[in-house]
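Not measured: the values here are computed from a predicted model. For reference, positions follow the sequence shown, starting with 1.
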Amino acid sequence: MQNKRSLLRIVNLEYALIQGLYWIGFCGIVSYAAVYLQARGYSNTQLGRILAAGYILGFLFPQILANLIDRYEKITVYRCQWLLLILQVALVLFLREIPGKSAAVAVLNCLLIGIEITLNPMNTEISVDLRGRVGHINYGAARGTGSIAFAPFSVLLGKWLEEIGTHILPTVFLCCIALQVAALLLLCLSIRRASGGSADSRSAAAAASDFSQFFHENRRFFGLLTS
């Protein structure tokens with residue numbers, strides 16, 4: 001019983017960490033998108049169109065993923081989360097290689113914003129899954145952690161941009177995404193320990209295994225994150 005309570009406490013802390021890091025990422029990728037795009041030469045009109053397109057994608061993507069999760073047993077919320085985070089890494093790496101203003105930059109930013117918005121309902125779905133696996137998940141406290149993390153990071157990022165410049169934003173994006181990956185991996189491993197590898201934990205355990213396999217097969221790709 002004591003071990004179960006301890007594990008539940010750990011899972012709640014890890015889920016709160018996921019929420020906190022997500023909203024830090026949202027702050028950089030979405031809230032500072034206008035700053036980043038203006039620095040690359042986009043007008044206010046173009047900014048509005050890119051942001052609007054990103055929000056539309058952020059509305060459509062969750063509908064598509066939810067439908068796939070309901071239809072196919074092998075497609076889980078955890079695997080969707082891994083896919084979205086890995087796609088974000090790829091998008092930011094491409095953005096770093098494309099200078100100035102172009103249609104490709106606009107499209108990549110639309111996708112980046114859309115995926116970041118999509119991660120929010122995916123995080124909520126994770127809390128529902130966790131409730132069925134390990135027990136009570138304090139969603140309110142976890143979501144509050146996100147709000148608490150957002151405010152100081154927004155101020156800090158603003159100061160960094162003033163002192164260093166907007167060119168640091170892609171690096172900030174990558175750091176935020178990498179931290180979310182680490183937090184999600186911790187949570188998946190805790191779920192695996194909670195169920196001891198039983199059938200109930202297969203989807204989360206598979207998600208952790210998928211990430212491990214992806215890492216070993218793409219070490220050069222992850223090496224780019226530190227360059």
Applying ring pair (Phe, Tyr, Trp, His ring centres under 6.0 Å) as the test, list every pair that has at least one member in residues 107-163; sequence neighbours left out. none
Do you know the tightest heavy-atom contact between S127 and I137? O-CG1, 4.1 Å
C80 and I69: side-chain contact (heavy atoms from CB on, under 4.5 Å), yes or no, with the steps? CA-CA 9 Å; C80 287; I69 291 170; 3.9 Å; yes
Apply side-chain contact (heavy atoms from CB on, under 4.5 Å) to the pair L179 and I24, showing each step before the final yes or no. CA-CA 10 Å; L179 288 171; I24 284 176; over 6 Å; no
Smallest heavy-atom separation, G28 atom then L157 atom, equals CA-CD2, 3.9 Å
Is the number of heavy atoms from other residues, nucleotides or ligands within 6.0 Å of CZ (R131) greater than 12? yes
Derivation of the side-chain contact (heavy atoms from CB on, under 4.5 Å) call for L187 and L130: CA-CA 10 Å; L187 180 65; L130 290 175; 4.0 Å; yes
Quick one: pull up CD1 in I10 and CG in L17 and give me the separation to the nearest 0.5 Å. 13.0 Å
Is it true that I191 and V128 fall in one hydrophobic cluster, defined by side-chain heavy atoms closer than 4.5 Å? no
Single-linkage hydrophobic cluster L8~L13, side-chain heavy atoms < 4.5 angstrom: no
Rounded to the nearest 0.5 Å, what separates atom CG in L174 from atom CG in L93? 5.5 Å
Return the set of residues passing side-chain contact (heavy atoms from CB on, under 4.5 Å) with A16 (not counting sequence neighbours), or none when no residue passes. A142, T145
If every non-hydrogen atom of P170 is compared with every non-hydrogen atom of R96, which pair is closest and at what distance? CB-CG, 3.6 Å
Applying side-chain contact (heavy atoms from CB on, under 4.5 Å) to V35 and not counting sequence neighbours gives Y32, L161, T166
Which distance, rounded to the nearest 0.5 Å, do you find between the CD1 of I126 and the CD1 of I18? 5.5 Å
I'd like to know if Y55 and F61 are part of one continuous hydrophobic network [Ile/Leu/Val/Met/Phe/Trp/Tyr, side-chain heavy atoms within less than 4.5 Å]. yes
Under a 3.5 Å distance rule, please check whether S154 uses its side chain to pair with a backbone N or O of A151 as donor and acceptor. no
All pairs passing ring pair (Phe, Tyr, Trp, His ring centres under 6.0 Å) where residues 169-192 contributes a residue, at least two apart: Y36-F173
L189, V11: one ILVMFWY side-chain cluster at the under-4.5 Å cut-off? yes
Less than 4.5 Å apart, any side-chain heavy atom of R40 and any of L169? no
Pairs under 3.5 angstrom only: tabulate donor-acceptor contacts from the side chains of residues 104-123 to other protein residues two or more places apart or in another chain.
from, atom 1, to, atom 2, distance (Å)
N109, ND2, V105, O, 2.9
E116, OE1, Q88, NE2, 2.7
E116, OE2, F26, N, 3.2
T118, OG1, G114, O, 2.7
N123, OD1, Q81, NE2, 2.5
N123, ND2, L119, O, 3.3

With clusters defined by side-chain heavy atoms of hydrophobic residues (ILVMFWY) lying less than 4.5 Å apart, directly or transitively, does L186 cluster with L21? no
Residues at least two apart in sequence or cross-chain that pass side-chain contact (heavy atoms from CB on, under 4.5 Å) with D70, listed by chain then number, are none
If I take atom CG from residue L68 and atom OG1 from residue T76, how far apart are they, to the nearest 0.5 angstrom? 12.0 Å
Which is it for K101 and L37 under the side-chain contact (heavy atoms from CB on, under 4.5 Å) test, yes or no, and what are the steps along the way? CA-CA 8 Å; K101 171 185 170 184; L37 291 168; over 6 Å; no
Checking S147 now: which residues fulfil side chain to side chain donor-acceptor pair (under 3.5 Å) with it, not counting sequence neighbours? R143
Just jot down the side chain to side chain donor-acceptor pair (under 3.5 Å) partners of S43, sequence neighbours excluded, or say none. Q46
Which pairs with one or both residues in residues 14-24 pass side chain to side chain donor-acceptor pair (under 3.5 Å), sequence neighbours excluded? E14-S190, Y15-Q19, Q19-W23
Using a 4.5 Å cut-off between side-chain heavy atoms of Ile, Leu, Val, Met, Phe, Trp and Tyr, which other residues end up in the same hydrophobic cluster as L60? I56, F59
